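Comments concern the structure below.
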Amino acid sequence: MASQTKYLSLAYVAALAVLLCFCKASSLTETEALLKWKETLVNQSIVQSWVIPASNSSNSTTPSPCRWSGIVCNDAGSVTEINLANTGLAGTLHDLDFSSFPNLLRFDVKINYLFDTIPTNIGLLSKLLFLDLSTNSFNGTLPLSFANLTQVYELDVSRNNMTGGIDPRLFPDDKNQPMTGLLGLKNFLLQDNMLSGRIPEEIGNCKLLTLLALDGNFLSGPIPSSLGNLSDLAVLAVASNQLSGEIPANIGTLSKLTDLHLFINKLSGVVPEGLGNLSSLTVLHLSENNFTGQLPPQVCKGGKLINFTASFNHFSGPIPTSLKSCSSLYRVRLESNELTGDLEQDFGIYPNLTYIDLSYNRLQGEVSPKWGKCQKLTLLGLAGNSIVGKIPAEIGSLSQLVVLDLSSNQLSGEIPAQIGNLTELSTLSLNGNDISGPIPEEIGALLNLDSLDLSMNRLSGPIPKQIGELRDLRSLSLSQNNLNGTIPFQIGNLVGLQDLLDLSYNSLTGEIPAQLEKLTSLQSMNLSHNNLSGEIPASLSSMLSLVAVNLSYNNLEGPLPDGSVFSSNQSSAFANNKDLCGKVQGLRPCNALSTDKGGGNKDNKLVVAIVAPLASVLFILFAIIGIFVFTRWRKSRRESRVGFISRRDNPFSVWYFNGRVVYDDILKATDEFDDMYCIGEGGSGKVYKAEMQGGQVFAVKKLNMQAKDFGIGNVKSFSNEVKALTEIKHRNIVKLYGFCYEGIHTFLVYEYMEMGSLAKILSDEKEAKEFDWVKRIQVVKGVAHALSYLHHDHVPPLIHRDISSKNVLLDSEMEAHLADFGTAKFLKPDSSNWTAVAGTYGYVAPELAYTMAVTEKCDVYSFGVLALEILMGKHPGELIAQMNSRMIEEST
Ligand SMILES: *[C@@H]1O[C@H](CO)[C@@H](O)[C@H](O)[C@H]1NC(C)=O
Ligand SMILES: *[C@@H]1O[C@H](CO)[C@@H](O)[C@H](O)[C@H]1NC(C)=O
Ligand SMILES: *[C@@H]1O[C@H](CO)[C@@H](O)[C@H](O)[C@H]1NC(C)=O
Ligand SMILES: *[C@@H]1O[C@H](CO)[C@@H](O)[C@H](O)[C@H]1NC(C)=O
Ligand SMILES: *[C@@H]1O[C@H](CO)[C@@H](O)[C@H](O)[C@H]1NC(C)=O
Ligand SMILES: *[C@@H]1O[C@H](CO)[C@@H](O)[C@H](O)[C@H]1NC(C)=O
Ligand SMILES: *[C@@H]1O[C@H](CO)[C@@H](O)[C@H](O)[C@H]1NC(C)=O
Ligand SMILES: *[C@@H]1O[C@H](CO)[C@@H](O)[C@H](O)[C@H]1NC(C)=O
Ligand SMILES: *[C@@H]1O[C@H](CO)[C@@H](O)[C@H](O)[C@H]1NC(C)=O
């Protein structure tokens with residue numbers, strides 16, 4: 001009996017204890033669960049407030065997490081919200097015990113660095129209303145247990161497509177910061193680091209969903225038809241995935257749907273007609289899929305459609321009838337389909353429309369004057385249709401227009417003078433039509449123009465000199481018209497021209513204006529098939545960026561200018577002229593002497609430019625008095641060289657020999673290399689900024705050694721080496737103008753890059769922030785272009801050997817230029833195996849350490865590291881080591 005009571009009392013005590021524990025259980029375990037998770041989130045400021053106050057207080061209530069940052073509790077002290085959006089969290093969710101939070105309503109960890117899979121037990125949050133895991137690096141598949149979140153009304157798991165973390169400085173407090181521009185990086189990213197697999201059919205269980213966002217992942221398979229059961233759904237965003245199959249027909253029954261984002265997938269088939277019944281629809285994105293059939297005719301039934309894209313599909317049939325009166329439209333993209341319709345009859349007046357691209361369809365009719373009433377338009381794209389008639393003068397009232405593309409149609413009549421009203425215009429493409437008459441002078445008012453293409457029309461009369469006002473122009477094509485008169489010298493004022501100057505296939509006469517020499521950024525110039533006469537101005541050799549030139553089919557005569565583009569072996573570029581001469585195959589040499597044996601020497605080019613007009617005379621003299629003349633010629637050559645240099649505005653095209661005058665100028669510009677002008681320092685020497693008298697700016701790298709220290713017995717082979725480097729002309733490679741090894745100073749002269757090195761920008765808080773995704777992708781692309789050029793287009797292939805963020809320089813446009821290329825080779829002549837010293841630690845491919853074999857692959861490896869660095873904002877450091885060790889583990 002006694003023992004019985006004893007047992008009973010024991011049981012009682014035990015039960016009491018259990019009960020006590022239980023009472024406090026929820027709150028205690030919530031605290032514990034959070035602390036346990038915190039332990040895995042080392043050094044993260046946001047969770048620093050997550051501490052239990054020193055338990056000296058007499059009131060022994062449970063430590064509560066309710067005051068911790070990011071945590072919200074209900075009156076009973078139980079956690080209802082975890083809000084840690086955009087707080088720099090890095091880690092996984094695996095150590096967060098979701099079962100400990102029975103009252104959690106809201107879990108928001110968007111925009112962080114969380115990775116690995118989404119834990120299945122997240123489905124235990126049975127009361128959850130709001131779940132946002134977007135913009136992290138979760139991978140694996142969507143957990144089926146989402147189906148148990150039956151109360152949830154917003155579920156956002158979008159944009160888990162980043163790897164290796166993202167530079168936090170790119171995400172200012174604005175939570176909706178768009179992350180455009182990363183598209184091109186996709187190739188560098190591993191699928192392993194994205195959410196993939198199917199969208200579980202079971203999500204149809206979450207009956208209360210109003211928002212389901214899964215865009216920007218690597219999800220595949222079909223859109224589950226169970227989504228058609230989510231009758232409250234307003235936003236369905238599954239864009240930028242790998243989804244295939246058709247749109248389930250019952251999506252058309254979701255009467256509350258306002259936003260449907262399906263763009264960039266592999267969806268096919270016909271768009272269900274039901275979509276036309278969705279009277280709340282404001283945003284419909286169908287672009288970049290493989291849809292066929294017609295667009296739903298009633299797509300703007302509710303009159304609320306704002307953004308509508310269906311571009312790059314196979315849609316055929318008419319423009320949806322409801323679009324005509326759809327005055328709510330803001331942005332429309334239907335380009336690259338097979339749509340039919342009439343530009344005048346099937347479209348209305350859209351007061352809010354800012355962007356409409358109907359290019360590359362089968363539209364007919366005229367550009368009616370009523371398009372002039374879409375006053376907000378910034379882009380009007382009608383290219384590649386069958387549009388006829390004149391360009392209406394009313395187009396001049398689209399004062400906000402930035403892009404006007406009417407190319408490849410059958411437009412006729414003249415270009416209206418009112419085009420001069422479009423002062424915001426940046427791109428004007430009227431090429432490939434039947435437009436006649438003169439180019440209006442008013443075109444000179446388009447001061448923001450970046451690209452002007454009027455080619456392939458029937459334009460006549462002169463090129464208006466006002467075209468020289470377009471200082472921002474990067475590309476100008478007037479080819480294949482009937483333009484006559486001379487080339488206005490004002491074209492030389494278009495110093496921004498970069499991509500193209502094409503005046504070919506016209507009836508232009510007169511001489512090529514010497515002012516074109518100012519186009520030092522131009523890469524391609526075509527003046528062929530005209531009636532140009534006279535000599536090619538020698539000054540054109542200062543067009544240093546030129547990589548392609550075509551002057552064929554004119555009446556030109558005399559010598560070709562100096563400069564590599566004019567001596568490249570493309571005789572076709574100069575064929576069919578009156579009497580051109582030069583060292584190009586197919587042209588007669590200007591001076592028989594220039595083929596003289598000793599003249600493998602580069603000085604000859606200069607001589608050619610000067611002496612060429614006298615070539616024939618000299619030839620005769622030579623025949624008569626042989627050696628006597630030969631010695632005289634050598635003398636005159638020396639004299640002319642010096643004279644030539646001092647006369648030139650830009651001496652650097654001849655830089656690889658000891659240009660004494662230039663040498664002095666550099667010394668003067670840098671005050672004999674005063675530290676005041678120093679802009680950087682590297683292993684081989686300091687870099688100075690040299691602002692020359694003419695206003696030109698160069699970066700001068702003064703080497704720590706002197707010429708005699710080079711240990712290069714063969715100065716000639718050395719200077720050949722430098723010469724080869726100076727001849728590399730690529731938009732993404734820093735130009736090396738030359739090398740000076742005379743006197744006590746030895747230095748290299750480079751193109752000056754305003755923004756400095758990538759390393760500098762990434763390490764500067766402010767600059768890194770301004771260095772947005774679009775610019776970053778541009779830089780990665782630029783470096784890729786440069787490498788591709790060096791490895792594949794250059795003969796012989798060249799290996800950089802030292803790709804790093806210090807060696808990527810940026811110009812004022814933030815365009816990347818690879819620097820310090822090829823110089824490692826002769827700057828470290830002492831080391832017998834110089835591969836040992838090339839390369840920057842942290843960028844060198846691991847195999848290089850073992851094999852010492854330098855191949856293109858080493859550059860590619862370093863490039864990969866660089867790309868990660870640009871993406872993450874800092875050198876990937878340990879991440880790389882981890883990747884390497886993982887590879888080694890796997891291979892063992
Ligand atoms: C318990 O602690 C809280 C906060 O530290 C304090 O406000 C409260 O007065 C304490 N209660 C008792 C009974 O000491
Ligand atoms: C959903 O919850 C029930 C009971 O709570 C459980 O049996 C089931 O396994 C859960 N489903 C998933 C997919 O987790
Ligand atoms: C997810 O990422 C982690 C590390 O980030 C990796 O270990 C794991 O294999 C990945 N899982 C999948 C399914 O890709
Ligand atoms: C990630 O998703 C976003 C949003 O859909 C998309 O804009 C971006 O290009 C994607 N990034 C990659 C690397 O695919
Ligand atoms: C698109 O669909 C057509 C047939 O409709 C098919 O032939 C083609 O392969 C598809 N293309 C893609 C990229 O899926
Ligand atoms: C429509 O598209 C523009 C440009 O992409 C965007 O800024 C705007 O927010 C969109 N409007 C709606 C309602 O989605
Ligand atoms: C145009 O946009 C304004 C502001 O967004 C809006 O108030 C107005 O209703 C729109 N007009 C039409 C016709 O939808
Ligand atoms: C062009 O601009 C002028 C002045 O801004 C204006 O008076 C004229 O009406 C405009 N022409 C057209 C066709 O819009
Ligand atoms: C240019 O052509 C027009 C007709 O197209 C003609 O009237 C004019 O005289 C020509 N000018 C020159 C300089 O040939």
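Order of listing sets the numbers, starting from 1, for every ligand and every atom in it. Everything numeric here is computed off the predicted structure, so don't read it as measured data.
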task = Start with the C-alpha gap between Asn481 and Arg458, add the side-chain angles, then the distance that decides, and say whether side-chain hydrogen bond (donor to acceptor under 3.5 Å, both in side chains) holds.
result = CA-CA 5 Å; Asn481 280 293; Arg458 291 195 295 128; over 6 Å; no
ask   = Is the closest protein non-hydrogen atom to atom 9 (O) of ligand 7 under 4.0 Å?
value = no
task = Please state whether the rings of Phe130 and Tyr153 are parallel, tilted or perpendicular, taking 30° and 60° as the class boundaries.
result = perpendicular
query = Atom CG in Leu404, atom CG in Leu430: separation rounded to 0.5 Å?
reply = 6.0 Å
query = With a cut-off of 6.0 Å (strictly less than), are more than 12 heavy atoms of other residues, nucleotides or ligands near OH of Tyr355?
reply = yes
request  = Could you list the atoms of ligand 6 found under 4.0 angstrom from a heavy atom of Val283?
outcome  = 12 (C), 13 (C), 14 (O)
Heavy-atom neighbours of Lys390 NZ exceed 12 at 6.0 Å = no
remark   = Under 4.0 Å from one or more heavy atoms of Arg331, ligand 6 contributes atoms 2 (O), 4 (C), 5 (O)
key: Ligand-residue contact atoms, ligand 6 with Asn307, heavy atoms, under 4.0 Å   = 1 (C), 2 (O), 3 (C), 8 (C), 10 (C), 11 (N), 12 (C), 14 (O)
message = Could you identify the single nearest non-hydrogen protein atom to atom 11 (N) of ligand 7 and state the distance to 0.1 Å?
response = Asn352 ND2, 2.9 Å
ask   = Counting only non-hydrogen atoms of the protein, does one fall under 4.0 Å from atom 2 (O) of ligand 7?
value = yes
key: Flag: protein heavy atom within less than 4.0 Å of atom 5 (O) of ligand 6   = yes
request  = Count the heavy atoms belonging to other residues, nucleotides or ligands that lie under 6.0 Å from NZ of Lys324, then report whether that count exceeds 12.
outcome  = yes
ask   = At a 4.0 Å threshold, what atoms of ligand 9 neighbour a non-hydrogen atom of Asn484?
value = 1 (C), 2 (O), 3 (C), 8 (C), 10 (C), 11 (N), 12 (C), 14 (O)
message = Are there over 12 heavy-atom neighbours, none belonging to Glu273, within less than 6.0 Å of that residue's CD?
response = no
Nearest candidate to atom 14 (O) of ligand 7, where distance is taken over non-hydrogen atoms, out of Cys326, Ser328, Pro351 = Ser328
